[in-house]
Amino acid sequence: NLYSNHMVAIDIQSGKIKWATPFIAHGTVLDVNVPDTHDWDTSWGSSVSNVKFDNGTVKKVVIGHDKAGNLIAMDALSGDEIWWTTLGKQIGIDKIPAPEGTGMIWSYGVYNYHAIDNDTLYITATNRGLNFFTDGISGHKEAPDDSIEQGLVNGTIYAIELKNGNVKWKLDTEYPPRVSPLVSNEILYTGFIEFGNKERNGIVLALDKNTGQKIWEYNVVASISPVGGSIGNGMLFIPTEKVNQRDNAEEIGGSIVAFGLKG
């Protein structure tokens, strides 16, 4: 699978591959294109932006990311790396799966889309812990206590400079911020999943895009979809999974929660 864990550029007219940049080869487990032994494949979402650099030049830049928290800016014409930032803290990532396990390996992963506004990229990354075992030619993963799917625990919301990958501000969250961010009118909309609490589950956050300061939050009482919100007609729309009802009532299927936005 040559192009696993790659960002690939394809000529629209011919369908031919113009370039392919591997993620797993840079600073992760092995300095080779494959294999990915920890399920750190590239994650949803990419973007193309015109970025002005300090020397006055402007380049078209592609942004991509993976489930190990690697965030890469690439030259859109060549695929060459412009900058590479690894989000969060990594522990034990050099350990290869074994019959007795690796012990808990920690890394920040990106599991949703990012947002771009002017010279800034907004992205959420989730702290994940897993113990990797081999079972013959296969294997399995074990998550730590007090985590959810794939060992997700807590995380961080980032604002990052497009020209160099430097962090402008960050906001740590006690729970996984698996909600794709959205920017509109100086406000960043995102959120997190407060697992283990049926009374307070999916939290929508509105933050000042320049500072990360919280403007408001709202509990939709349901896990928020990783694809995040959308905006139209002066309203913010948030998709959710099943709604957790009080008093052990039957769960209601997914929903759309609409918020009115003031100018």
Side-chain angles (χ1 to χ4, degrees), residues 43-45 47 63 65 69 71 85-89 106 108-128 146-149 152-162 165-241 243-244 246 254-263:
S43 51
W44 295 344
S47 60
I63 300 291
H65 38 68
L71 181 63
T85 295
T86 300
L87 303 173
K89 187 176 182 180
W106 293 92
Y108 266 53
V110 180
Y111 296 92
N112 37 252
Y113 300 97
H114 60 262
I116 286 178
D117 189 45
N118 298 325
D119 59 355
T120 306
L121 179 149
Y122 301 92
I123 195 165
T124 63
T126 299
N127 192 20
R128 181 176 84 161
D146 300 323
S147 68
I148 58 173
E149 172 196 359
L152 306 182
V153 182
N154 49 20
T156 305
I157 301 165
Y158 291 92
I160 293 173
E161 290 187 80
L162 272 176
N166 292 340
V167 176
K168 297 177 70 172
W169 59 259
K170 64 179 183 176
L171 176 66
D172 293 328
T173 59
E174 187 178 354
Y175 296 93
R178 280 195 70 179
V179 181
S180 296
L182 173 68
V183 183
S184 178
N185 291 333
E186 304 298 309
I187 299 176
L188 175 69
Y189 300 98
T190 183
F192 55 85
I193 302 171
E194 189 168 329
F195 61 90
N197 186 346
K198 284 195 171 186
E199 298 295 318
R200 183 180 166 85
N201 193 290
I203 307 300
V204 180
L205 288 175
L207 308 175
D208 184 310
K209 76 166 191 175
N210 298 304
T211 65
Q213 183 176 358
K214 184 172 70 174
I215 299 172
W216 56 261
E217 70 172 53
Y218 188 87
N219 173 23
V220 298
V221 201
S223 295
I224 303 171
S225 170
V227 298
S230 58
I231 285 178
N233 297 325
M235 301 179 74
L236 170 69
F237 302 95
I238 300 291
T240 77
E241 296 181 355
V243 177
N244 295 313
R246 294 175 174 81
S255 64
I256 299 290
V257 183
F259 298 84
L261 302 178
K262 294 182 179 180

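We use all heavy atoms of the structure for the numbers below, so side chains are in, but hydrogens, waters and symmetry mates are not. Count residues from 1 along the sequence.
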* Count the heavy atoms belonging to other residues, nucleotides or ligands that lie under 6.0 Å from OH of Tyr218, then report whether that count exceeds 12. => no

* Structure fact -> Output for pair (Glu241 CD, Ile224 CD1), nearest 0.5 Å, gives 10.0 Å

* Where do His65 and Ser43 come nearest, in terms of heavy atoms and distance? -> ND1-OG, 2.8 Å

* Asked: Between Ser180 (side chain) and Pro226 (backbone), is there a donor-acceptor pair under 3.5 Å?
  -> yes

* To do: Mark yes or no for whether Thr85, through its side chain, and Gly165, through its backbone, hold a donor-acceptor pair below 3.5 Å.
  => yes

* Take Val110 and Leu71 through the test side-chain contact (heavy atoms from CB on, under 4.5 Å) and record every step on the way to the result. => CA-CA 9 Å; Val110 180; Leu71 181 63; 5.9 Å; no

* To do: Tell me, yes or no, whether the heavy-atom count around Asn166 atom CG, taken from other residues, nucleotides or ligands under 6.0 Å, exceeds 12.
  => yes

* Looking at Tyr111, Tyr108, Tyr175, Phe192, which hits side chain to side chain contact (heavy atoms under 4.5 Å, CB included) with Thr126? -> Tyr111

* **Distance in Å, Trp169 CH2 paired with Thr156 OG1, rounded so as to fall on 0.5 Å steps** => 10.5 Å

* Contact check, side chains of Ile187 and Trp216, non-hydrogen atoms, under 4.5 Å -> no

* Between CD1 of Ile238 and OG1 of Thr190, what distance do you get to the nearest 0.5 Å? -> 8.5 Å

* **Under 3.5 Å: donor-acceptor pair, side chain of Tyr158, backbone of Val167** => no

* Asked: What are the two closest non-hydrogen atoms of Pro181 and Ala115, and how far apart are they?
  -> O-CB, 3.4 Å

* Asked: How long is the span from the CG atom in Asn185 to the CG atom in Leu261, to the nearest 0.5 Å?
  -> 8.5 Å

* Asked: Distance from Ile157 atom CD1 to Thr124 atom OG1, nearest 0.5 Å?
  -> 7.0 Å

* **Any side-chain heavy-atom pair of Lys209 and Asn118 under 4.5 Å** => yes

* Does Gly155 offer a backbone N or O that forms a donor-acceptor pair with the side chain of Thr173 under 3.5 Å? -> yes

* Does Leu152 reach the side chain of Ser147, with side-chain heavy atoms less than 4.5 Å apart? -> no

* Structure fact -> Given the options Ile123, Leu162, Ile160, Ile63 meets side chain to side chain contact (heavy atoms under 4.5 Å, CB included) only with Leu162

* **Nearest-0.5 Å distance, CG of residue Asp119 to NZ of residue Lys168** => 4.5 Å

